[in-house]
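Quick notes on the structure that follows.
When a residue number appears, it is its place in the shown sequence, counting from 1.
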Amino acid sequence: MKGNKKRSPWAWIPTLYFAQGLPYVAVMTISVIMYKRLGMSNTDIAIYTGWLGLPWVIKPFWSPFVDLIKTKRWWTLTMQWIVAFALAGIAFTIPTEFYVQFTLAIFMLMGFASATHDIAADGFYMLALDEHEQSFYVGIRSTFYRVATVVGQGLLVVLAGLIEMNSGLEPLEMQLMVDPDMPATVAALPAGSADNAKTGAPAFFSAMNGEKISVVAPETIDGIAFTEYAAALRDSVKAHNTLHGFIAAEQEKANADKAEAKQWSAFRLWLKETFGDDRQAAAPANANVAVMAVGLTERPDEDMALIVNFAEGDQSIKLVSDERLVFTPDNWDKQAYLFFTVDPKIKEPVSATFRATSGNIPMAWSVVFIVLSVFFFIVVIYHNWALPRPDSDRPSAEASARNISLGFIDAFKTFFTKFPVGQTVAAVVFMLLYRFPEAQLTKIIQPFLLDPIDKGGLGLTTGEVGLVYGTIGIIGLTIGGIIGGMVAAKGGLKKWLMPMAWSMSLTCLTFVYLSMFQDHSLLTVNICVFIEQFGYGFGFTAYMLYLIYYSEGKYKTSHYAICTGLMALSMMTGMIAGWIQETIGYSHFFIWTMICCVFTIGVAMIVKVDPSFGKKQIEKE
């Protein structure tokens, strides 16, 4: 059957499954971080990238074509060519004006190519290896798939972060000091321009750096309550920055309000007022406020936009205006304003440093996708030589439209009739809801790590997120999965299903802690992410074993494809995560995900599993 197989499996299995993992990570994870760094809202990120999971949901619908038309080798190589060109397309469209539309379209195309590659590569693996080799190399393929996620979520994100930090102007550190012993001070819009700060080359400056203000604010100013004055001052900062193009004008707001159904508007308002963590208020009661200015010393190059991001700071001094400003050749000679609120409970002098960085974010992410594209061009050329040509890998002689249709119908029919109705319904509900909390959590974790402290996040840099979530997190995920497989091999799936469901649920408490206390120590964040990902890896073992359990019997390959399609569909529920988070805030959102763990525990209780399954399957593979 495999007389033409000339290559050692070591020559192609590691690279094949490394290449299989990267496109999925690029579409579902790297895209989230990229859009966040490019200024997209959490709501839009969750909705748009949630739809990008559609190809993995519906891939069972075209899997018969991969089975019956051409060879698995041909499909594998062709999809790798498409992915290589798609990655190049993303790289070259990121700097364009319509990057959102272009990149989303290409990400969707790449998603379909990647989902098809999954079908073909898994089928090729079974054709090119005998049963003994399949068992021996199953751990190798899983390891290199996970290595791809480490590289995608870790090293590539770190690369983008390094380029961001080293491609812009010299960072500006702005210090604001608060002294509770000072007499009451009143903030006002700064006056002046950048003319008095010429340096001969573009650089950021703030004439008010190191300003000292009081915790105390006067009760009234010219007969106006200070809270009203502070609110008006914040509106003036917003209006100034919008007028001069430092932030995008809210031109879409009226249309968005009309488009959103009235009942949803009322429901969201109720959610926000009842459960929301409002960090956008002009100022807390009796709290003082401050306004600082930042400007450029020289005109930047033509057609150049400097995207300035403000990070770090202190819990007691919060930046509540836009933390992302854009300086261009049209507004460089104006100063942008920043609006801060001061915690009225401050008892000792404190200071906060806000770091303004202006790395070339579009260029950074273009480089990342160019690197990915070049890698895939090299991989597909290598696989054209390295992939064996097993005799059994040939197109069906009966690949007629009628045979494809009959096989397709029979596969779906038997999927829903192989067990009693009640057991089938419980199985489908399990596949759809077991990962319901995780589907939402994964869409918000990285924005939470990236958002500044004053917005409820942890204020990590792009490179730190790559290190924390893409390396430490994946290590925890891998170890959890390995231990999960080991214990399931001893006791079987039925014995470990509930403990694994609890593991997947309870470890989410780490993000409740991080969001409530905003402990942004890298050590603490690494520990919490490791615990959460370990718990998820351990708990996810039960889910994957159940999919294998349900797929046993006739049409095993097709039934497993349907199961993974339902799994992908379950992850699309993450589209609502951004809307919920922006409505109720990070800390309350993570509490909401803990409430959603009721679904994980509940569906784990209703499914039926053969007590001997798991142990037998693990030993076989």
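Tyr35 is linked by a side-chain hydrogen bond (donor to acceptor under 3.5 Å, both in side chains) to Thr103, counting only residues two or more places apart in sequence or in another chain. Checked against side chain to side chain contact (heavy atoms under 4.5 Å, CB included), Val379 has the following partners two or more places apart in sequence or in another chain: Ala19, Gln80, Phe375, His383. Take Ser503 and apply the side-chain hydrogen bond (donor to acceptor under 3.5 Å, both in side chains) test, not counting sequence neighbours, and it matches no residue. Contacts of Ile576 classified as side chain to side chain contact (heavy atoms under 4.5 Å, CB included), with partners at least two apart in sequence or in another chain: Gln440, Ile580. In this structure, the side chain to side chain contact (heavy atoms under 4.5 Å, CB included) partners of Ala501, at least two apart in sequence or on a different chain, are Tyr434, Thr600, Ile601, Ala604. A search for side chain to side chain contact (heavy atoms under 4.5 Å, CB included) contacts involving Leu506 returns Trp502, not counting sequence neighbours. In terms of the ring pair (Phe, Tyr, Trp, His ring centres under 6.0 Å) criterion, residue partners of Phe540 (sequence neighbours excluded) are, by chain and number, Tyr536, Tyr543. Residues meeting the ring pair (Phe, Tyr, Trp, His ring centres under 6.0 Å) test with Phe448, sequence neighbours left out: Tyr586, Phe590. For Tyr513, the side-chain hydrogen bond (donor to acceptor under 3.5 Å, both in side chains) partners are Asp519, not counting sequence neighbours. Phe436 pairs by the ring pair (Phe, Tyr, Trp, His ring centres under 6.0 Å) definition with Phe599, not counting sequence neighbours. For Thr507, there are no side-chain hydrogen bond (donor to acceptor under 3.5 Å, both in side chains) partners two or more places apart in sequence or in a different chain.
Annotation: side chain of Thr76 is not in contact with side chain of Gln20 (no heavy-atom distance under 4.5 Å). Looking at heavy atoms from C-beta onward, Lys608 lies out of side-chain contact with Lys494 at the 4.5 angstrom threshold. Side-chain contact between Leu509 and Glu532 is absent, with no heavy atoms from C-beta onward closer than 4.5 Å. Counting only heavy atoms from C-beta outward, the side chains of Trp10 and Pro14 approach each other to under 4.5 Å. Side-chain contact between Val512 and Ser587: absent, with no pair of heavy atoms (C-beta onward) separated by less than 4.5 Å. In this structure the side chain of Val609 never reaches within 4.5 angstrom of the side chain of Tyr550, judged on heavy atoms. Phe376 is listed as a side-chain neighbour of Leu22, based on a closest heavy-atom distance under 4.5 Å.
Between the CD1 atom of Ile445 and the CD atom of Glu438 there is a distance of 8.5 Å, given to the nearest 0.5 Å. Rounding to the nearest 0.5 Å places NE2 of His588 at 12.5 Å from OG1 of Thr593. Rounding to the nearest 0.5 Å places CG of Leu458 at 10.0 Å from OG1 of Thr524. In this structure, CD1 in Ile90 is found 4.0 Å from CZ in Phe107, a value given to the nearest 0.5 Å. Atoms CE and CG, from Met110 and Leu52 in turn, are 9.0 Å apart once rounded to the nearest 0.5 Å.
Other residues, nucleotides and ligands contribute more than 12 heavy atoms inside 6.0 Å of the CE atom of Met498.
A donor-acceptor pair is defined here as one N or O able to donate and one able to accept, closer than 3.5 Å; no such pair exists between the side chain of Thr29 and the backbone of Ala26. Of the possible polar contacts, none joining the Ser373 side chain to the Phe369 backbone as a donor-acceptor pair under 3.5 Å is found. For the pair Ser366 (side chain) and Pro362 (backbone), a donor-acceptor distance under 3.5 Å is present. Not a single donor-acceptor pair under 3.5 Å links the side chain of Ser114 to the backbone N or O of Gly111.
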Ile527 vs Thr510, side-chain contact (heavy atoms from CB on, under 4.5 Å): CA-CA, chis, key distance, verdict: CA-CA 9 Å; Ile527 291 173; Thr510 53; over 6 Å; no

Does the pair Trp496 and Phe538 meet the rule for a side-chain contact (heavy atoms from CB on, under 4.5 Å), with working shown? CA-CA 10 Å; Trp496 284 97; Phe538 185 78; 4.0 Å; yes

What's the verdict on side-chain contact (heavy atoms from CB on, under 4.5 Å) for Met431 and Met567, showing C-alpha distance, side-chain angles and the deciding distance? CA-CA 6 Å; Met431 295 176 201; Met567 176 178 68; over 6 Å; no

Start with the C-alpha distance between Tyr17 and Trp12, add both sets of side-chain angles, then the distance that settles ring pair (Phe, Tyr, Trp, His ring centres under 6.0 Å), and finish with yes or no. CA-CA 9 Å; Tyr17 281 91; Trp12 57 271; 7.9 Å; no

Evaluate side-chain contact (heavy atoms from CB on, under 4.5 Å) for Tyr99 paired with Leu104, printing each intermediate quantity in order. CA-CA 8 Å; Tyr99 79 91; Leu104 283 173; over 6 Å; no

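The nearest pair of heavy atoms linking Ser570 to Ala439 is O-CB, 3.7 Å. When every heavy atom of Ile106 is checked against every heavy atom of Ala86, the shortest pair comes out as CG2-O, 3.2 Å. Of all the heavy atoms in Val607 and Ala426, the pair that sits closest is CG1-O, 3.6 Å. Nearest approach of Phe534 to Ile479, heavy atoms of both residues: CE1-CG2, 3.8 Å. Nearest heavy-atom pair, Ala542 versus Leu497, reported as atom, atom and distance to 0.1 Å: CB-CD1, 3.7 Å. When all heavy atoms are compared, the tightest approach of Val83 to Pro23 is CG1-CG, 3.9 Å.
When Val368, Leu372, Val374 are each tested for a side-chain contact (heavy atoms from CB on, under 4.5 Å) with Leu87, only one passes: Leu372.
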